[in-house]
Amino acid sequence: MAAVSSSDTDGCGAESNEANSKWLDAHYDPMANIHTFSACLALADLHGDGEYKLVVGDLGPGGQQPRLKVLKGPLVMTKSPLPALPAAAATFFMEPHEPRTPALALASGPCVYVYKNLRPYFKFSLPQLPPNPLEQDLWNQAKEDQIDPLTLKEMLESIRCYAGPSLCRETAEEPLSVQSLSFLQLELSEMEAFVNQHKSKSIKRQTVITTMTTLKKNLADEDAVSCLVLGTENKELLVLDPEAFTILAKMSLPSVPVFLEVSGQFDVEFRLAAACRNGNIYIMRRDSKHPKYCIELSAQPVGLVRVHKILVVGSTQDSLHGFTHKGKKLWTVQMPAAILTMNLLEQHSRGLQAVMAGLANGEVRIYRDKALLNVIRTPDAVTSLCFGRYGREDNTLIMTTRAMHRAFQTDLYLLRLRAARTYLQALESSLSPVSTTAREPLKLHAMVQGLGPTFKLTLHLQNTSTARPILGLLICFLYNEALYALPRAFFKVPLLVPGLSYPLETFVESLSNKGISDIIKVLVLREGQSAPLLSAHVNMPGSEGLVAT
């Protein structure tokens with residue numbers, strides 16, 4: 001993660017470098033372990049103390065659980081687990097009363113989690129969708145044992161592929177539920193058990209949130225009350241009341257929305273632009289249930305930012321396009337590399353609004369209309385951007401990069417793999433002072449006393465079972481006979497009573513007059529078995545007595 005602050009120097013078209021830069025490097029942490037994108041970043045004064053925090057919806061890569069993180073400066077203040085991957089984060093004012101502290105909304109799965117003072121306040125869940133009637137009828141037949149699992153699978157496949165085998169798709173008018181989709185992925189041997197477990201349950205079809213933004217309700221002030229606008233997987237836009245969290249408006253789209261931009265106020269007049277998965281941007285106005293204008297792109301959109309009255313769209317053709325709210329194309333700027341992320345740069349003191357684009361070549365380019373204002377070069381490709389007030393510093397740009405985290409995760413996995421292999425090798429060769437078998441629960445501890453040339457070696461052997469004594473054990477020492485001499489290198493162990501630690505003593509004589517030391521291996525054996533039950537390596541000290549003479 002990197003954070004830079006804007007300096008007060010003016011000018012346009014300059015590239016960021018050490019000699020001439022509009023930015024001051026504030027913080028860089030290549031091991032921040034943050035994996036997110038621009039929609040899941042937000043800056044807000046969450047406690048009303050003038051100290052702005054960074055809210056991060058972390059995806060939790062590498063099998064980790066997704067988390068909500070709140071950062072103050074370079075430190076992580078809080079971490080909260082999330083039940084599903086975050087889709088967007090936003091801060092908004094719920095009520096006009098004092099104290100004026102914003103709430104935090106995090107979209108995750110089918111729910112919006114609302115926090116106040118970083119504490120859970122409300123949970124809004126999307127309403128359930130009506131199930132497919134044919135699917136419901138099939139599961140009713142399975143409940144009455146009127147259909148076997150194989151026939152159930154064939155019928156569900158026919159519903160999912162309603163347009164024929166050659167046009168098989170999962171985007172029917174009423175798609176299958178998660179229960180049926182999970183059933184279709186099973187092997188034949190697992191189907192009957194799945195049907196018996198789920199046939200009595202009612203079919204539930206739940207959509208999820210794909211994008212989220214905020215819309216002022218009746219005032220245009222910066223701290224005015226705002227509504228949440230949600231885009232869902234079932235091609236709908238929902239506007240939520242900021243206090244009761246009821247649905248104020250519902251609009252339908254021809255495709256699934258992935259980026260949203262709004263302007264105006266809900267109670268007065270507003271425009272809403274939605275970039276969708278079919279490569280089109282749909283523009284809607286107040287009291288319209290369906291799009292009023294449509295912008296057809298020649299490639300998939302990768303970002304959507306509103307700069308004053310212009311919609312700036314980034315596409316997979318490595319280009320930025322400017323459109324009016326009626327869909328008229330104004331300009332196009334070609335990028336030197338693929339666009340990975342986009343966001344708005346707004347400097348209130350100067351009335352400046354510009355679009356930031358993070359590129360795959362490690363650049364962040366800032367444009368006002370089609371004029372290039374600044375180029376920032378980063379150590380790696382930027383995956384998310386956020387601009388605003390952070391801490392007590394205005395005009396702070398926060399960026400997260402990707403490759404350092406991947407390299408860190410790779411090294412961590414290799415370390416875990418080596419540790420697992422070493423541990424397995426130790427278990428297979430009994431190179432451990434603690435027994436790993438329940439039949440021979442033993443624990444061994446060795447201690448060396450003395451200055452030399454004669455040392456006292458004490459072995460503490462313990463039977464860790466609760467009630468069963470152990471008999472028939474042997475102790476064996478392996479050592480370099482040119483360096484050490486032991487009176488007994490092999491002897492029997494008496495009966496071990498459970499819970500007691502037995503001290504077994506022997507003497508070791510150092511034969512070297514040069515102060516050379518070595519390792520003595522202690523093996524615990526079972527009579528009639530060649531493999532040791534457990535072992536210990538004793539690092540012998542140097543003989544100070546021989547050195548002194």
Side-chain angles (χ1 to χ4, degrees), residues 39-40 42-48 55 57 68 82-84 86-130 205-253 256-274 282-292 306:
C40 289
L43 292 167
D45 182 9
L46 299 176
H47 297 97
V55 178
L68 170 65
L82 296 175
T91 57
F92 67 108
F93 289 92
M94 299 174 52
E95 51 193 19
H97 310 298
E98 297 291 340
R100 304 289 288 155
T101 56
L104 168 64
L106 189 79
S108 177
C111 303
V112 177
Y113 301 92
V114 181
Y115 300 82
K116 293 195 70 175
N117 295 320
L118 292 182
R119 295 183 178 181
Y121 176 78
F122 189 80
K123 173 185 174 182
F124 171 80
S125 299
L126 294 176
Q128 292 187 3
L129 304 177
R205 193 162 63 91
Q206 182 73 64
T207 187
V208 295
I209 301 171
T210 57
T211 182
M212 179 177 68
T213 188
T214 58
L215 170 65
K216 303 294 183 183
K217 192 170 191 304
N218 46 35
L219 296 175
D221 299 339
E222 185 178 354
D223 59 350
V225 176
S226 299
C227 304
L228 291 178
V229 183
L230 310 179
T232 66
E233 189 70 29
N234 63 321
K235 310 173 188 176
E236 286 185 340
L237 295 177
L238 305 178
V239 181
L240 303 184
D241 183 85
E243 293 183 305
F245 291 98
T246 55
I247 299 177
L248 298 178
K250 181 185 295 187
M251 292 162 275
S252 299
L253 292 170
V256 179
V258 289
F259 301 107
L260 290 177
E261 278 295 336
V262 298
S263 61
Q265 298 88 45
F266 178 79
D267 292 341
V268 184
E269 179 63 35
F270 68 88
R271 287 187 178 92
L272 193 152
Y282 298 97
I283 301 173
M284 312 182 73
R285 302 184 66 175
R286 177 179 170 82
D287 298 330
S288 61
K289 299 297 182 181
H290 300 282
K292 186 174 181 63
R306 180 178 59 86

Novice: Search all heavy atoms of Pro291 against all heavy atoms of Leu253 and return the closest pair with its distance.
Specialist: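 Here Pro291 and Leu253 meet closest at CG-CD2, 4.0 Å.
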
Novice: Does Cys227 form a side chain to side chain contact (heavy atoms under 4.5 Å, CB included) with Leu248? I'd like the steps, not just the answer.
Specialist: CA-CA 9 Å; Cys227 304; Leu248 298 178; 4.1 Å; yes

Novice: Between Glu222 and Phe93, what is the shortest heavy-atom contact and its length?
Specialist: O-CE1, 4.2 Å

Novice: Side-chain contact test, heavy atoms from C-beta onward, threshold under 4.5 Å: evaluate it for Val256 versus Asn234 and give yes or no.
Specialist: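 Contact flag for Val256/Asn234 side chains = no.
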
Novice: Within the structure provided, determine whether Leu46 and Leu118 are in side-chain contact (heavy-atom separation under 4.5 Å).
Specialist: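 In short, these two side chains touch, coming nearer than 4.5 Å.
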
Novice: In Å, rounded to the nearest 0.5 Å, how long is the span from OH of Tyr113 to CG of Leu104?
Specialist: 13.0 Å

Novice: Output yes when a side-chain donor or acceptor of Asp241 lies under 3.5 Å from a complementary backbone atom of Glu243, and no otherwise.
Specialist: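 It does hold such a pair.
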
Novice: Tell me which one of Leu240, Thr213, Ile247, Val239 satisfies side-chain contact (heavy atoms from CB on, under 4.5 Å) with Leu230.
Specialist: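 Considering Leu240, Thr213, Ile247, Val239, a side-chain contact (heavy atoms from CB on, under 4.5 Å) with Leu230 is found only for Leu240.
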
Novice: Quick one: does any side-chain atom of Gln206 pair with a main-chain N or O of Gly109 as donor and acceptor, under 3.5 Å?
Specialist: no

Novice: What are the two closest non-hydrogen atoms of Ala249 and Phe266, and how far apart are they?
Specialist: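 Looks like CB-CE1, 4.0 Å.
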
Novice: For the pair Ser108 (side chain) and Ala84 (backbone), establish whether a donor and an acceptor sit closer than 3.5 Å, ignoring hydrogens and angles.
Specialist: yes

Novice: Looking at every non-hydrogen atom in both residues, tell me the closest pair between Ser125 and Cys111 and how far apart they are.
Specialist: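 Looking at all heavy atoms of both residues, the shortest contact is OG-SG, 3.4 Å.
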
Novice: Can you find a pair of side-chain heavy atoms, one from Leu237 and one from Leu272, that are under 4.5 Å apart?
Specialist: yes

Novice: Using atom types as modelled and distance alone, determine if a side-chain donor or acceptor of Arg100 lies under 3.5 Å from a backbone N or O of Gly48.
Specialist: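 No: the side chain of Arg100 does not pair with the backbone of Gly48.
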
Novice: Does the side chain of Arg306 reach to within under 4.5 Å of the side chain of Ser263, using non-hydrogen atoms?
Specialist: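 Yes; the side chains approach each other to less than 4.5 Å.
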
Novice: When you compare the side chain of Val258 with that of Thr211, does any pair of heavy atoms fall below 4.5 Å?
Specialist: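 Answer no - side chains too far apart.
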
Novice: So, is the end of the Lys116 side chain (NZ or CZ) under 6.0 Å from the ring centre of Tyr121 and within 45° of the ring's axis?
Specialist: yes

Novice: Determine, stepwise, if the pair Leu228 / Met212 fulfils side chain to side chain contact (heavy atoms under 4.5 Å, CB included).
Specialist: CA-CA 7 Å; Leu228 291 178; Met212 179 177 68; 4.3 Å; yes

Novice: Side chains of Glu236 and Lys250, heavy atoms from C-beta outward: is any pair under 4.5 Å?
Specialist: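 In contact.
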
Novice: Nearest 0.5 angstrom please: His47 NE2 to Asn117 CG, how far?
Specialist: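 CG of Asn117 is found 5.5 Å from NE2 of His47.
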
Novice: Kindly say whether Val208 contributes a backbone atom to a donor-acceptor pair with the side chain of Thr232 at under 3.5 angstrom?
Specialist: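 The answer is no, because no donor-acceptor pair under 3.5 Å joins these two groups.
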
Novice: Please check: side-chain N/O of Asp221 versus main-chain N/O of Ala224, any donor-acceptor pairing under 3.5 Å?
Specialist: no

Novice: To the nearest 0.5 Å, what is the distance between CE (Met94) and CZ (Phe122)?
Specialist: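 Between Met94 CE and Phe122 CZ, I get 8.5 Å after rounding to 0.5 Å.
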
Novice: Taking the side chain as every heavy atom from C-beta outward, state whether Lys123 and Phe245 have any atom pair closer than 4.5 Å.
Specialist: no

Novice: When you compare the side chain of Pro102 with that of Phe92, does any pair of heavy atoms fall below 4.5 Å?
Specialist: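 Contact flag for Phe92/Pro102 side chains = no.
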
Novice: State whether the number of non-hydrogen atoms from other residues, nucleotides or ligands found under 6.0 Å of Glu95 atom CD is greater than 12.
Specialist: yes

Novice: What are the two closest non-hydrogen atoms of Glu233 and Thr210, and how far apart are they?
Specialist: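 Answer, listing the atom of Glu233 first, then Thr210: OE1-CG2, 3.2 Å.
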
Novice: Closest heavy-atom contact between Pro96 and Val225?
Specialist: N-CG2, 3.7 Å

Novice: Just verifying a value: how many Å separate Phe270 CZ and Ser288 OG, rounded to the nearest 0.5 Å?
Specialist: 6.5 Å

Novice: Could you walk me through whether Asp45 and Thr101 satisfy the side chain to side chain contact (heavy atoms under 4.5 Å, CB included) test, starting with their C-alpha distance in whole Å, then the side-chain angles of each, then the deciding distance to 0.1 Å, before giving a yes or no?
Specialist: CA-CA 7 Å; Asp45 182 9; Thr101 56; over 6 Å; no

Novice: Can you measure from NE2 (His290) to CE (Met284) and round to the nearest 0.5 angstrom?
Specialist: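 Going from NE2 on His290 over to CE on Met284, the span is 7.5 Å.
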
Novice: Where the side chain of Lys216 meets the backbone of Asp223, is there a donor-acceptor pair that is under 3.5 Å apart?
Specialist: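 Side chain of Lys216 to backbone of Asp223: no pair is present.
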
Novice: Strictly distance-based, threshold 3.5 Å: is any side-chain N or O of Arg205 a donor or acceptor partner for the main-chain N or O of Leu129?
Specialist: no

Novice: Could you pull out all residues at least two apart from Glu269 that satisfy salt bridge (Lys or Arg N to Asp or Glu O under 4.0 Å)?
Specialist: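 Testing Glu269 for salt bridge (Lys or Arg N to Asp or Glu O under 4.0 Å), a comparison that skips the adjacent residues, returns Arg285.
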
